[in-house]
Amino acid sequence: MTSEKNHDPKVIVALDFDSADKALALADQLKPAMCRVKVGKELFTRAGPQLVKQLIGKGFDVFLDLKFHDIPNTVAKACAAAADLGVWMMNVHAQGGPGMMKAAREAVAGAGHKPLMIAVTILTSLTDADLQAVGLQGGAEQNVLRLAALAEKSGMDGVVCSPMEVLTLRNKVGAGFKLVTPGIRPAGSSKDDQTRVMTPKTALLAGSNYIVIGRPITQAKNPLAALQAILTEIR
Ligand code: C5P
């Protein structure tokens with residue numbers, strides 16, 4: 001687990017697959033000393049807690065990306081269940097409110113290996129018009145800053161944010177508050193469906209603590225070589 005590691009891998013590989021077999025086959029090509037892995041909604045819904053346990057059994061720190069958002073009691077119980085699985089990081093929606101985030105925090109306080117609790121502020125897929133449609137005032141950046149401050153006040157360890165938001169956020173939150181950023185593309189690689197991207201090195205220099213990278217590694221002919229190239233770039 002993290003506390004026993006004498007290093008802190010910055011790259012979280014998004015295992016966006018539709019089966020445990022595919023996820024495990026990819027994980028077997030990587031090394032736990034070099035990266036963490038992320039299990040999201042599709043893979044978890046198909047492969048469940050068993051896969052999470054298998055990945056942890058192989059030595060990987062797992063970010064369980066299920067973005068819980070419900071009444072405080074329900075979210076607290078889901079977070080306790082995730083902590084029992086032994087995940088390294090998990091997340092909830094900041095829009096669930098301070099009571100929900102505090103309940104989530106308290107639910108994992110006594111866990112053997114305390115997971116990092118990360119909040120999602122505003123989904124990067126939402127436009128300013130979408131924010132208005134759901135009744136949020138102001139643009140995305142304003143809402144991201146407000147919700148990140150609320151998440152910090154509510155005991156969260158950090159937020160997921162776009163690399164473009166890192167610079168502004170880094171100056172507004174405490175030094176220990178983690179910024180976890182997807183939307184990362186090594187120079188020269190395909191953007192896929194991401195629009196505003198940053199290179200691994202630029203995102204880390206801007207103040208990101210962990211970078212989430214999926215397809216540039218998972219769809220590479222040689223995933224380990226792709227990861228190694230990224231690690232060389234950021235070293
Ligand atoms: O393949 P790619 O590097 O684009 O994968 C990025 C990962 O980060 C995916 O699992 C995606 O769902 C996740 N993510 C994202 N943008 C966000 C939040 C999460 O790309 N705003």
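Order of listing sets the numbers, starting from 1, for every ligand and every atom in it. Counting begins at 1 with the first residue of the sequence. Side chains are part of it too, since the values below use all heavy atoms of this structure and drop only hydrogens, waters and symmetry mates.
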Hey, can you pull the donor-acceptor pairs under 3.5 Å for the side chains in residues 223-234, sequence neighbours left out?
unit_1 : atom_1 : unit_2 : atom_2 : d
Thr232 : OG1    : Gln228 : O      : 2.8
Glu233 : OE2    : Lys201 : N      : 3.2

Please table the atom pairs, donor to acceptor, closer than 3.5 Å between any side-chain atom in residues 181-189 and protein atoms at least two apart or in another chain.
unit_1 : atom_1 : unit_2 : atom_2 : d
Thr181 : OG1    : Ser208 : OG     : 2.7
Thr181 : OG1    : Tyr210 : O      : 3.4
Arg185 : NE     : Ser190 : O      : 2.9
Arg185 : NE     : Asp192 : OD2    : 3.4
Arg185 : NH2    : Asp192 : OD2    : 2.9
Ser189 : OG     : Pro186 : O      : 3.0

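Under the 3.5 Å distance criterion, the side-chain polar atoms of Arg36 are left unmatched by any main-chain donor or acceptor of Val62.
Within 6.0 Å of the CD atom in Gln54, the count of heavy atoms belonging to other residues, nucleotides or ligands exceeds 12. Environment of NZ in Lys77: sparse, with no more than 12 heavy atoms of neighbouring residues, nucleotides or ligands closer than 6.0 Å.
Listed by chain and residue number, nothing satisfies the side-chain hydrogen bond (donor to acceptor under 3.5 Å, both in side chains) test with Arg196 (two or more places apart in sequence, or in another chain).
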Quick check on ligand 1: any N or O pairs to the protein under 3.5 Å? One line per pair.
unit_1   : atom_1 : unit_2 : atom_2 : d
ligand 1 : 1 (O)  : Arg215 : N      : 2.7
ligand 1 : 1 (O)  : Arg215 : NE     : 2.7
ligand 1 : 3 (O)  : Arg185 : NH1    : 2.9
ligand 1 : 3 (O)  : Gly214 : N      : 2.8
ligand 1 : 4 (O)  : Arg185 : NH2    : 2.8
ligand 1 : 4 (O)  : Gln194 : NE2    : 2.9
ligand 1 : 4 (O)  : Arg215 : NH2    : 2.7
ligand 1 : 10 (O) : Asp16  : OD1    : 3.3
ligand 1 : 10 (O) : Asp16  : OD2    : 2.7
ligand 1 : 10 (O) : Lys38  : NZ     : 2.9
ligand 1 : 20 (O) : Gln194 : NE2    : 2.9
ligand 1 : 21 (N) : Thr124 : OG1    : 2.7

